[in-house]
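Contents: one structure, followed by commentary.
In listed order, ligands and their atoms are each counted from 1. Residues take their numbers from the sequence shown, with the count starting at 1. Because the structure is a prediction, the values reported are computed rather than measured.
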Amino acid sequence: MQDNLAQDLEKIFTTIKDSSLHIYQILRNNMGETTQSKNSTGDLQLQADVLADEILHKAFKTLECVKEICSEEQEMSIELHNNGIYKIAYDPLDGSSLMGANLSVGSIFGIYRGEFLPKNLVGAAYIVYGMVVGVGIASKLKEGVDYFVFNGEDFKLQKTLFLKKEGKLNAPGGTQKYWSKTHQDKMNNLFQKGYRLRYSGGMVPDLHHILIKGGGLFSYPSTTDAPKGKLRMLFEVFPFAFIFENAGGGATDGKQRLLELVPNHLHDTTPCFFGSNKEIEIAKR
Ligand code: AFP
């Protein structure tokens, strides 16, 4: 199949925008419902998770250029078109445990040309379901993160987001009781400098908040209860690492660039820090 990256990404991003409206409808109809089924890592699946995954699977199947998909809700990846070029890894509904509280949740997408390796990422996107539906899009062909908002008729480009050198927000994930002393000191250091605590427990709104405000740090470190971190490389960490670097910031596991990591398994996790460059330097210390 002819590889025309700009056109193919346009089709994939349009499909993500269209799907966001169907998923938003489900969130409004099925708030907080659970099913008996469990996902591949044993989490109880909420009705909305299952339905969001089905919507995206069907939507990506309409694109000949998509070879394979890998969903956080499925154990294995699924082949869609033998002659396809791109592989899409996605978390159909991230933060579903926050739905009962009516807090914002999101979807996350990584678009790989070739194997599911960070060096093959050609684009990434997130959907944030809040008081409006917002879609952030990053492409290998363009700097910045294009942020679109649905205005009731169509998606309007609201702003192209870039990170400044430093920010004022600190979003420290994970159970503090299980943080290492080093991590505890890093977080205290930021708060002593006057950083504001902004953490909802939803990766998508928490990271979008830092992008919209132009800077800060989000962390989900290695903890004694989750030594390899909690967030998954393929569908959560690599897409947002791509997005933050596209916005002029950085993304590290505390030692190296997240986009240099190599997963051994589709559902591998990693400690992760995303932010503007000054905060990433602090995270690496
Ligand atoms: P759920 O999908 O179970 O709600 O978890 C959300 C999440 O994967 C991610 O969105 C958050 O950043 C992270 O977990 C929050 O984890 P902690 O509650 O341990 O900080």
Side-chain angles (χ1 to χ4, degrees), residues 23 26-27 30-35 37-53 56 70-74 89-110 124-130 134 136 169-180 183-184 186-187 190 197-212 216-241 243-244 251-254 258 266-275 283:
I23 295 171
I26 281 173
L27 294 177
N30 301 26
M31 189 63 78
E33 254 184 66
T34 58
T35 59
S37 64
K38 288 186 183 302
N39 70 10
S40 54
T41 43
D43 305 336
L44 180 66
Q45 268 186 319
L46 288 172
Q47 180 73 23
D49 280 340
V50 177
L51 294 170
D53 191 27
L56 289 164
C70 180
S71 165
E72 186 187 277
E73 300 301 332
Q74 304 288 338
Y90 62 90
D91 182 354
L93 198 60
D94 182 84
S96 45
S97 70
L98 304 171
M99 282 170 53
N102 197 20
L103 287 171
S104 293
V105 293
S107 308
I108 312 165
F109 306 84
Y126 62 87
I127 306 167
V128 50
Y129 308 96
L169 307 184
N170 184 20
T175 307
Q176 302 199 13
K177 175 183 165 192
Y178 300 127
W179 286 352
S180 68
H183 188 70
Q184 183 72 52
K186 275 179 199 170
M187 294 300 107
L190 288 173
L197 171 63
R198 291 292 182 273
Y199 190 74
S200 75
M203 181 184 194
V204 176
D206 288 341
L207 285 167
H208 175 62
H209 194 177
I210 290 170
L211 287 166
I212 279 283
L217 182 71
F218 173 100
S219 52
Y220 204 106
S222 165
T223 57
T224 48
D225 67 330
K228 289 196 174 152
K230 171 183 182 184
L231 302 178
R232 294 171 176 85
M233 288 188 192
L234 251 56
F235 347 88
E236 295 168 329
V237 173
F238 292 157
F240 268 112
I243 287 165
F244 267 67
T252 176
D253 63 355
L258 285 166
L266 292 176
H267 291 267
D268 275 355
T269 63
T270 175
C272 54
F273 300 78
F274 307 89

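Just one of Tyr126, Tyr90, Tyr129 meets the side-chain hydrogen bond (donor to acceptor under 3.5 Å, both in side chains) condition when paired with Ser107; it is Tyr129. Under the side chain to side chain contact (heavy atoms under 4.5 Å, CB included) rule, Pro92 has a single partner from Val50, Leu56, Leu51, which is Leu56.
Taking each heavy atom of Tyr199 and Gly174 in turn, the nearest pair found is OH-N, 3.9 Å.
Ligand 1 is surrounded by Asp94, Gly95, Ser96, Ser97, Gly174, Tyr199, Gly201, Gly202, Met203, Phe218, Tyr220, Lys230, Leu231, each with at least one heavy atom closer than 4.0 Å.
Contact annotation: the side chain of Arg232 never approaches that of Asp91 to less than 4.5 Å [non-hydrogen atoms, C-beta and beyond].
Remark: side-chain polar atoms of Trp179 are paired, donor with acceptor, to backbone N or O of Gly173 under 3.5 angstrom.
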Intermediate values then yes/no, ring-ring contact (aromatic ring centres under 6.0 Å, His included), Phe235 and His267: CA-CA 8 Å; Phe235 347 88; His267 291 267; 5.2 Å; yes

